[in-house]
2 protein chains.
Amino acid sequence: MSLRYALLALLRVGPLSGYDLQKQFHQSVGHVWHAPDSQIYPELRKMEQLGLIVGEEQARGERGTRRMYHVTDAGDQAFLDWMAAPLEYQRVRDPAHLRAAYLETTTPDAAHAFLQQHIVQWTSELAQWTGELARIDAVTNPMLARRLAVTPEKDRERTIAYKRFAYEGLVERAEAEIAWARRGLDLIARMS
Amino acid sequence: MSLRYALLALLRVGPLSGYDLQKQFHQSVGHVWHAPDSQIYPELRKMEQLGLIVGEEQARGERGTRRMYHVTDAGDQAFLDWMAAPLEYQRVRDPAHLRAAYLETTTPDAAHAFLQQHIVQWTSELAQWTGELARIDAVTNPMLARRLAVTPEKDRERTIAYKRFAYEGLVERAEAEIAWARRGLDLIARMS
DNA sequence: CAGAACATGTAAATCGTTACATGATTTC
DNA sequence: GAAATCATGTAACGATTTACATGTTCTG
């Protein structure tokens, strides 16, 4: 359900085609809420049916077309309502910690490989997020730049501060996962 | 898909009825991998069809029945294979950090309420997990006690160490989320 | 004999993943 | 004219949620 609001957040800055939206999505909000293209396009159609956005069909070359999506007042309000409503938390469902609780059932090699992979996985996420933090600081992120362009001077600082805040949390999370996995590797070494 | 292996992990310790399994589940692995009863019972049936477990129908009083489930060799092997296989990581999908990235679009009050709720949420998870850690140390958790009873002396230390390791990671995660939200509250105070 | 605990689900809807599918236009 | 990029999906399946549904047996 959050996909809808992630998309609205992007479109509120200014109209985008499905394709451009999808690209911006993967470069910004997609780091926090993954969705494949095959979910984005249908969701846009659904949002259009609900009147949250309107799609304006545009010609492109001889035969091609593309739809530019604009947020409607209803869509804007839906986003603001979501922001003001209590967040629906998902239940914990954490395969890595599930497996960690049963590491004694497998070989030290397999346990080692699992934690190594955990480090690889989170190192990759960490790189994404530190990269995004750097782009926030340099105002290199295209969505952020567009957003700041339509933001009154006095609100720019807040916009940047909250973006930083969000990504800092993710960076800390990744660092903690890596530190945890390293401790696990030490534990395996001691136990075997 | 991990639900299957969470259930196998419990059943490998010894046979349980669906009902007992469901209770043990919510008191142990359920803290790491949530599933409602309405998912557990059908999954058990599916696992039985796949030959991973066998259900033995038992009379209970005059008319009642219950199914005791045993892990088959195939089920045991499936669990060990899963433990040895690379873990399938889920894509990031984090509504709290998504919302955090857009806190400037709402009122300071709503932003404040959101982070307060985040603290409440993670404080509750934290309590679950520190409680579980305490039960691990006291060997009060019934599943752990049963598991240790069928574990050779020399492996008990490892079993406990890995359980601790898994829950320590979760405790740190919860503490980090709380610390992050507190920093967010400071930020809101400074920004408004 | 009432209430708690035992015992086991089904149905409908939504969400998300994976694989597949197609064609147009711009750029070198 | 080939490759990259633009542009937009569908179909099938599996996972998850939510709500509903029902009856039995033990304990005080």
Side-chain angles (χ1 to χ4, degrees), chain A residues 1-7 11 15-27 29-30 32-50 53 55-69 82 87-95 98 142, chain B residues 1-7 11 15-27 29-30 32-50 53 55-69 82 87-95 98 142:
Chain A
M1 189 44 67
S2 297
L3 172 59
R4 173 164 306 171
Y5 301 102
L7 296 175
L11 284 175
L16 285 170
S17 68
Y19 183 76
D20 287 335
L21 179 58
Q22 169 255 105
K23 297 208 87 172
Q24 300 301 339
F25 181 88
H26 294 305
Q27 282 171 43
V29 206
V32 189
W33 191 272
H34 167 82
D37 302 353
S38 63
Q39 208 183 347
I40 292 175
Y41 286 108
E43 180 64 26
L44 286 171
R45 292 291 184 158
K46 222 182 294 171
M47 287 161 71
E48 193 175 5
Q49 274 171 27
L50 292 171
I53 57 180
E56 177 197 350
E57 196 86 16
Q58 288 187 342
R60 176 170 162 273
E62 295 288 299
R63 258 166 312 202
T65 60
R66 65 174 185 173
R67 297 176 73 76
M68 291 295 284
Y69 287 106
W82 179 74
L87 192 60
E88 284 173 42
Y89 282 84
Q90 288 155 313
R91 311 308 178 87
V92 176
R93 203 165 273 131
D94 187 333
L98 170 59
Chain B
M1 186 47 66
S2 297
L3 173 59
R4 173 165 305 170
Y5 301 101
L7 296 175
L11 284 175
L16 285 170
S17 69
Y19 183 77
D20 287 336
L21 179 57
Q22 169 256 105
K23 296 209 86 174
Q24 300 300 339
F25 181 88
H26 293 305
Q27 280 171 44
V29 206
V32 189
W33 191 273
H34 167 83
D37 302 352
S38 64
Q39 207 184 347
I40 291 174
Y41 287 108
E43 179 65 26
L44 286 170
R45 291 291 184 159
K46 222 182 293 172
M47 288 161 71
E48 194 174 5
Q49 273 172 26
L50 292 171
I53 56 179
E56 178 197 350
E57 196 85 17
Q58 288 187 341
R60 175 169 162 274
E62 294 288 299
R63 257 165 314 200
T65 60
R66 64 173 185 174
R67 295 177 73 76
M68 291 295 284
Y69 287 105
W82 179 75
L87 192 60
E88 285 173 43
Y89 281 85
Q90 288 156 314
R91 311 306 179 86
V92 175
R93 202 166 273 130
D94 188 333
L98 169 60

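Values in this document were obtained by computation on a predicted structure and should not be read as measured data. To find a chain, count down the sequence lines: A is the first, B the second, and so on, and within it residues start at 1.
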Report task. At the 4.0 Å heavy-atom cut-off to chain B, mark where contacts on DNA chain D begin and end, going 5' to 3'. Result -> D/dA15 to D/dT25

Can you tell me the distance, in whole Å, between the [atom1] atom of [X] and the [atom2] atom of [N]?
| X | N | atom1 | atom2 | value |
| --- | --- | --- | --- | --- |
| A/Q90 | C/dT14 | CD | C1' | 13 Å |
| A/Q58 | C/dT25 | CD | P | 15 Å |
| A/F25 | C/dG16 | CZ | P | 10 Å |
| B/Y19 | C/dA4 | OH | P | 13 Å |
| A/H34 | C/dG16 | NE2 | P | 10 Å |
| A/L50 | C/dT14 | CG | P | 11 Å |

Requested in this report: Kindly indicate whether the side chain of A/I53, heavy atoms from C-beta on, has any atom under 4.5 Å from the side chain of A/L21.
Outcome: no

Just verifying a value: how many Å separate [X] [atom1] and [Y] [atom2], rounded to the nearest 0.5 Å?
| X | Y | atom1 | atom2 | answer |
| --- | --- | --- | --- | --- |
| B/F25 | B/L7 | CZ | CG | 6.0 Å |
| B/R45 | B/M47 | CZ | CE | 13.0 Å |
| A/K23 | A/I40 | NZ | CD1 | 12.5 Å |
| A/Q24 | A/S17 | CD | OG | 9.5 Å |
| A/M68 | A/D20 | CE | CG | 7.0 Å |

Report task. Show your reasoning for whether side chain to side chain contact (heavy atoms under 4.5 Å, CB included) applies to B/D37 and B/H26. Result -> CA-CA 9 Å; B/D37 302 352; B/H26 293 305; 2.9 Å; yes

Query raised in the report: Is it true that a side-chain atom of A/R93 and a backbone atom of B/H34 form a donor plus acceptor pair closer than 3.5 Å?
Result: yes

Report summary line: DNA chain C nearest-nucleotide lookup for B/Y69 and A/P36: closer to the 5′ end is B/Y69

Query - Residue met sooner reading DNA chain C from 5', once B/E88 and B/D20 are mapped to nucleotides - result: B/D20

Report task. Please state whether the phosphate of C/dT8, meaning OP1 or OP2, lies under 4.0 angstrom from any side-chain nitrogen or oxygen of B/R63. Result -> no

Requested in this report: May I ask you to verify if any side-chain N or O of B/R67 is less than 4.0 angstrom from the OP1 or OP2 atom of C/dA7?
Outcome: no

Query raised in the report: Does the side chain to side chain contact (heavy atoms under 4.5 Å, CB included) test come out yes or no for A/L50 and A/R4, once each step is laid out?
Result: CA-CA 11 Å; A/L50 292 171; A/R4 173 164 306 171; 3.5 Å; yes

Query - First of A/R93 and A/S17 reached from the 5' end of DNA chain D, by closest nucleotide - result: A/S17

Polar-atom pairs under 3.5 Å, protein N or O versus N or O of nucleotides 1-3 of chain C: list them with distances, or write none.
none

Query - Residues from residues 37-47 of chain A lying under 4.0 Å of DNA chain C - heavy atoms - result: A/S38, A/Q39

Query - Other residues, nucleotides, ligands: >12 heavy atoms within 6.0 Å of A/E57 CD - result: yes

Report task. Fit a plane to each ring of A/Y5 and A/W82, take the angle between them on a 0 to 90° scale, and name the class: parallel (under 30°), tilted (30 to 60°) or perpendicular (over 60°). Result -> parallel

